[in-house]
Amino acid sequence: MMADAAAVLRWTEKTVGSGRAVELEFEMLLRAALRRLWQEAAPGQEADQPFADDGTPDAAYRRVLLAPSTVRHLLWPSRGRQAEVRDHWRVACQIERAILGLPNTAVTGWSADGRAFVAADGRCTVQPSLEGAIPLDLHSPQALALDLLGGDAPMDPPRSPPSASAVQRTSRRLLEAWHGISASEPAVPRCVEAWTRVIVAQGDPSGRFWSGSNGQYVGRVMIVNADAPNTDTEEIADAIVHEAIHGFLYMHESIEPWVLGKKLYTNAGVIASPWSGAELPVRPFMQAAFVWYGLAMFWAQHIDGGPFDRERARAMLERSLAGFRRGSLVDRLKPWQAKIRSEMTDAINGLQRDVLSLLAA
């Protein structure tokens with residue numbers, strides 16, 4: 001499956017099926033975890049089984065199942081909080097029914113993916129989206145309290161909700177970038193949409209544009225200061241594709257772990273990134289190789305014209321290629337080779353070989 005992961009990031013219709021295979025395996029993993037959660041229920045708590053035959057469309061159940069908050073609950077459960085997770089599922093499914101206008105028990109709150117709010121009177125407020133493809137979360141309590149720097153604890157107090165003008169500016173900038181992505185090879189928008197469940201678009205006092213994602217909240221992308229005045233459409237599009245690739249890789253790792261031992265996930269930085277110079281832990285370094293490969297293949301589509309500025313597209317391509325030019329990536333992994341799957345190093349070798357061939361062409 002590792003070789004397939006590399007093939008997906010060539011962004012061709014011929015290989016996009018490999019990405020779909022990973023998505024389906026990940027969904028099966030979540031469904032199995034959800035079944036176990038109900039099997040462990042105490043007597044009297046088995047009601048409202050998941051995927052009940054109650055007329056709820058399977059697409060609605062899938063939105064709840066694949067929501068980043070649900071993924072966090074199912075794959076990294078907190079001990080002794082199974083009943084709380086079952087409640088999360090029940091309420092989230094009821095909210096989906098309310099959004100669709102289906103009969104449901106009285107419920108109020110936010111959808112599991114943060115795209116909509118159902119009021120006590122049943123009225124539904126839907127947040128902006130990228131042309132219906134990817135929801136943008138600018139207002140939910142989870143978004144406003146999210147620690148953008150990666151801390152686990154919610155911010156207290158949370159950020160103030162963005163103004164109407166900030167929402168309009170942010171949505172417009174993200175939509176401009178999405179239009180460029182959508183004009184790429186068809187595999188690109190299909191994959192980015194499949195791998196991104198929600199974009200949490202927020203601002204911070206730095207005013208600097210940046211993005212991020214988290215392997216425990218698979219499919220949640222953070223875009224920060226999208227309305228920064230000196231940030232162009234190409235930078236925003238690059239960030240959306242970048243974080244979508246991480247989403248795909250997080251799914252892949254959940255199915256087929258890349259390394260042996262938790263230390264390779266959690267240790268402080270030990271390998272200097274040949275792209276940024278930042279010190280990265282081993283496993284994030286390996287993810288970086290795939291991400292920059294996918295970005296190189298993306299920008300290579302746009303250097304001869306298209307929706308993006310040609311010179312900026314060339315600059316983004318050069319940035320993506322830079323680390324592949326600076327010596328063997330696999331050699332940097334040798335001190336930890338015994339704890340890295342051999343398929344992993346083979347795949348990274350293949351990525352670098354592909355990129356060097358691209359440079360020679």
Side-chain angles (χ1 to χ4, degrees), residues 1-39 49-53 56-77 85 88-89 92-93 96 111-113 115 130 132-135 181 184-199 213-221 240-259 286-287 290-291 293-294 297-298 341 343-344 347 350:
M1 190 180 285
M2 181 56 63
D4 289 343
V8 172
L9 299 177
R10 297 187 190 110
W11 309 113
T12 67
E13 286 298 302
K14 186 176 180 180
T15 57
V16 74
S18 299
R20 183 60 182 147
V22 172
E23 296 158 30
L24 290 173
E25 287 279 348
F26 183 70
E27 185 175 334
M28 290 172 62
L29 181 71
L30 294 175
R31 287 177 182 257
L34 190 63
R35 285 195 299 271
R36 287 195 300 273
L37 182 69
W38 250 259
Q39 289 167 357
Q49 293 269 344
F51 304 102
D53 185 15
T56 304
D58 189 59
Y61 279 128
R62 288 185 71 253
R63 277 193 291 271
V64 178
L65 183 70
L66 296 172
S69 59
T70 306
V71 173
R72 173 64 177 83
H73 280 312
L74 292 178
L75 298 189
W76 286 272
V85 181
H88 163 87
W89 175 265
C93 290
E96 287 297 326
S111 63
D113 58 10
R115 78 185 189 283
L130 300 182
I134 301 173
I181 293 169
S184 306
E185 290 292 331
V188 178
R190 282 177 56 190
C191 289
V192 171
E193 180 179 351
W195 304 340
T196 309
R197 308 311 303 178
V198 62
I199 293 177
S213 54
N214 184 311
Q216 292 192 354
Y217 292 85
V218 177
R220 186 185 70 188
V221 169
I240 293 172
V241 175
H242 181 129
E243 303 304 343
I245 296 170
H246 274 302
F248 169 67
L249 298 175
Y250 294 143
M251 286 190 284
H252 195 288
E253 283 193 90
S254 297
I255 301 161
E256 186 177 273
W258 293 2
V259 298
M286 294 189 289
Q287 276 223 359
F290 283 88
V291 169
Y293 175 82
M297 294 299 174
F298 170 70
R341 295 183 58 169
E343 299 95 329
M344 186 73 207

field: Counterpart residues, side chain to side chain donor-acceptor pair (under 3.5 Å), relative to S254 (two or more places apart)
entry: none
- request: Using the test side-chain contact (heavy atoms from CB on, under 4.5 Å), find all partners of R190 that sit at least two apart in sequence or belong to another chain.
  value: E13, V16
query: Residues in side-chain contact (heavy atoms from CB on, under 4.5 Å) with V291, at least two apart?
result: H242, I245, H246, L249, L295
Ring pair (Phe, Tyr, Trp, His ring centres under 6.0 Å) partners of residues 4-37, not counting sequence neighbours, each pair once: W11-W195
statement: In this structure, CZ of F298 is separated from CD1 of I240 (nearest 0.5 Å) by 9.0 Å
- line: Those residues at least two apart in sequence (or on a different chain) that pass ring-ring contact (aromatic ring centres under 6.0 Å, His included) with Y217 are none
- request: Taking the side chain as every heavy atom from C-beta outward, state whether F248 and F290 have any pair of such atoms under 4.5 Å apart.
  value: no
field: Partner set under salt bridge (charged side-chain N to carboxylate O under 4.0 Å, His left out) for E193, not counting sequence neighbours
entry: none
- prompt: To the nearest 0.5 Å, how far apart are OG1 in T196 and CG in L130?
  reply: 9.0 Å
Sidechain-backbone polar pair: S213 side chain, E243 backbone, donor-acceptor under 3.5 Å: no
task: Indicate yes or no: at least one non-hydrogen side-chain atom of L34 is less than 4.5 angstrom from one of T70.
output: no
- request: Using the test salt bridge (charged side-chain N to carboxylate O under 4.0 Å, His left out), find all partners of E27 that sit at least two apart in sequence or belong to another chain.
  value: R31, R62
message: My understanding is that only residues two or more places apart in sequence, or in another chain, count here; which of them pass side chain to side chain donor-acceptor pair (under 3.5 Å) with R35?
response: none
query: Cut-off 3.5 Å, side chains only: do H252 and W258 have a donor facing an acceptor?
result: yes
- prompt: Under the 3.5 angstrom rule, does the side chain of R10 hit a backbone N or O of M297 as a donor-acceptor pair?
  reply: no
- line: Hits for side-chain contact (heavy atoms from CB on, under 4.5 Å) against R63, two or more places apart or cross-chain, chain-then-number order -> A59, A60, E96, L100, D113, R115
- request: Under the side-chain contact (heavy atoms from CB on, under 4.5 Å) rule, collect the residues that match up with S69, sequence neighbours excluded.
  value: A67, H88, A112
- prompt: Any side-chain heavy atom of V218 sitting closer than 4.5 Å to one from L75?
  reply: no
